[in-house]
Structure formats: structure tokens, C-alpha cells
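Here is the structure we will look at, set down as C-alpha cells.
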Amino acid sequence: EVKLVESGGGLVLPGASLKLSCIVSGFTFSDYWMRWVRQAPGKGLEFIGEIKPDGSKTNYAPSMKGRFTISRDNAKNTLYLQMSSVRSEDTATYYCATIFDYWGQGVMVTVSS
Amino acid sequence: IQLTQSPSLLSASVGDRVTLSCKGSQNINNYLAWYQQKLGEAPKLLIYNTNSLQTGIPSRFSGSGSGTDYTLTISSLQPEDVATYFCYQYNNGNTFGAGTKLELK
């Protein structure tokens, strides 16, 4: 059974940093490009970025460059999203996904003082 | 590439043929997918590469289009199709449309 389980979300203060994790099972993690996508409450989907199977290359949406960093540990079947200097507009559900085949259920991040 | 979906809200009856539109600001070269998202759930891929049906998706869903204009068609609307539908382009960067919410009339 394929599972993608995100964690690390919650309530965070503006300006803080946060690292999300996504643990994968049920498919060969190291074969896939992996992505992060977010969805603000009641809004549409927003692509954050992606990472190559071996971790050697990342691409980010222009609006996400600079504050978000995607990384992976293939030995641990885990994808990461490092978020820095968070602001209220980053409040959203964050999904890890291969995009075409598999999606996690998402983790909520709320930025508020 | 910006994607514009229309309409933003669509009301239809069970059995209706439903057509959803997605227009790109540039040529998408058929690198377009459609997702269905039900309330409280993760998105589910329906169609990729414009017209390829994802495994396990009912054949009442189909996709078409070229250039900048793409369409998702549901040939006979079922109650379980109530959801929001997003298009997604992966030709130049990666962007999603704002979605079409489909409800029953």
C-alpha cells in the first residue's frame, strides 16, 4: 500500500522557521521526482517546488524562491520542506506528492501571532 | 504560464454532459493534467498529457485540447462527481488553475 505521511505542521509565529517532513512507503521513493504543493483555506492549489530523484536538482515556483528549500533523504524515504521567515500568507495545507501518481493527505500550517 | 479555468462554478444535473475549460496564457504543448478534489481530501489525478485517462478513473471522464485551450468532459454526470476540478500545466514551470467547483442542480 502506498503511503505518504506529512508531519511537522502546526501553529507557528510570523518570522519563524518550520521544517515539514513526508515519509513515503509502498513505492520506490528514489525513482521519483517529488513535489510540494500547498492550498490555502478555501483556495486553489499552488505549486511550491520539486526535487530530482537523486536530490541533485531542485526547481521552485518563482514566488517560492528564497524562503523555501526542498531536500530529501532517500535512505530514509523522506522528503523535506524547510520554510523560513513564514508569514500569514503561508497558512495552508501542505501536500507532498509525486504529482501524477501519489499524494499525501496534507499537513496544516497556521502562521499567526 | 497562467491558467484560467471557466466557469468558476458549474451547476448541473445527474446525467448531464459537463464541459470544463482551461486556457493557458501560452502554448502548453499538451502537457496538461486534470485533478478532482473532494472536500477534505487530497487531489486525485484524472487525466494527464491532455487526454490520457489515469488508471482506475471511470471512462465518463475525458480530456481534449491543444495549444492554449483544453477541456475536461464528463459524459454523464454522477452524484459522486461533485468536487472541485483543477487543471495543471507542466510544459513551462508548473502551475495550477484556480479551479471549477461542480455542484448538483
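So that the names make sense, note that chain A is the first sequence line, chain B the second, and so on, each numbered from 1.
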- If Ile, Leu, Val, Met, Phe, Trp and Tyr residues are connected whenever their side-chain heavy atoms lie under 4.5 Å apart, and connections chain through other members, are Met83(A) and Tyr80(A) in the same group? no
- Task: Spell out the residues in residues 20-42 of chain A that have some non-hydrogen atom less than 4.5 Å away from a non-hydrogen atom of chain B, in order of number; otherwise answer 'none'.
- Result: Val37(A), Gln39(A)
- Count the heavy atoms belonging to other residues, nucleotides or ligands that lie under 6.0 Å from CD of Gln78(B), then report whether that count exceeds 12. yes
- Proximal to chain B - members of residues 45-69 of chain A, heavy-atom separation under 4.5 Å: Leu45(A), Glu46(A), Phe47(A), Glu50(A)
- Do Val82(B) and Leu9(B) sit in the same hydrophobic cluster, where Ile, Leu, Val, Met, Phe, Trp and Tyr count as joined when their side-chain heavy atoms come under 4.5 Å apart? no
- Given the rule that I, L, V, M, F, W and Y join up when any side-chain heavy atoms are under 4.5 Å apart, are Leu46(B) and Val2(A) in one cluster? no
- Message: Is there a path of hydrophobic side-chain contacts, each under 4.5 Å between heavy atoms, that joins Tyr85(B) and Leu3(B)?
- Response: yes
- Could you give all pairs that pass the side-chain hydrogen bond (donor to acceptor under 3.5 Å, both in side chains) test and reach residues 9-21 of chain B, with sequence neighbours left out? Ser11(B)-Glu103(B)
- Quick one: do Leu104(B) and Leu20(B) end up in the same hydrophobic cluster if we chain Ile, Leu, Val, Met, Phe, Trp and Tyr together by side-chain heavy atoms under 4.5 Å apart? yes
- For chain B, which residues of residues 88-113 of chain A have heavy atoms nearer than 4.5 angstrom: Tyr95(A), Ile99(A), Phe100(A), Asp101(A), Trp103(A), Gly104(A), Gln105(A)
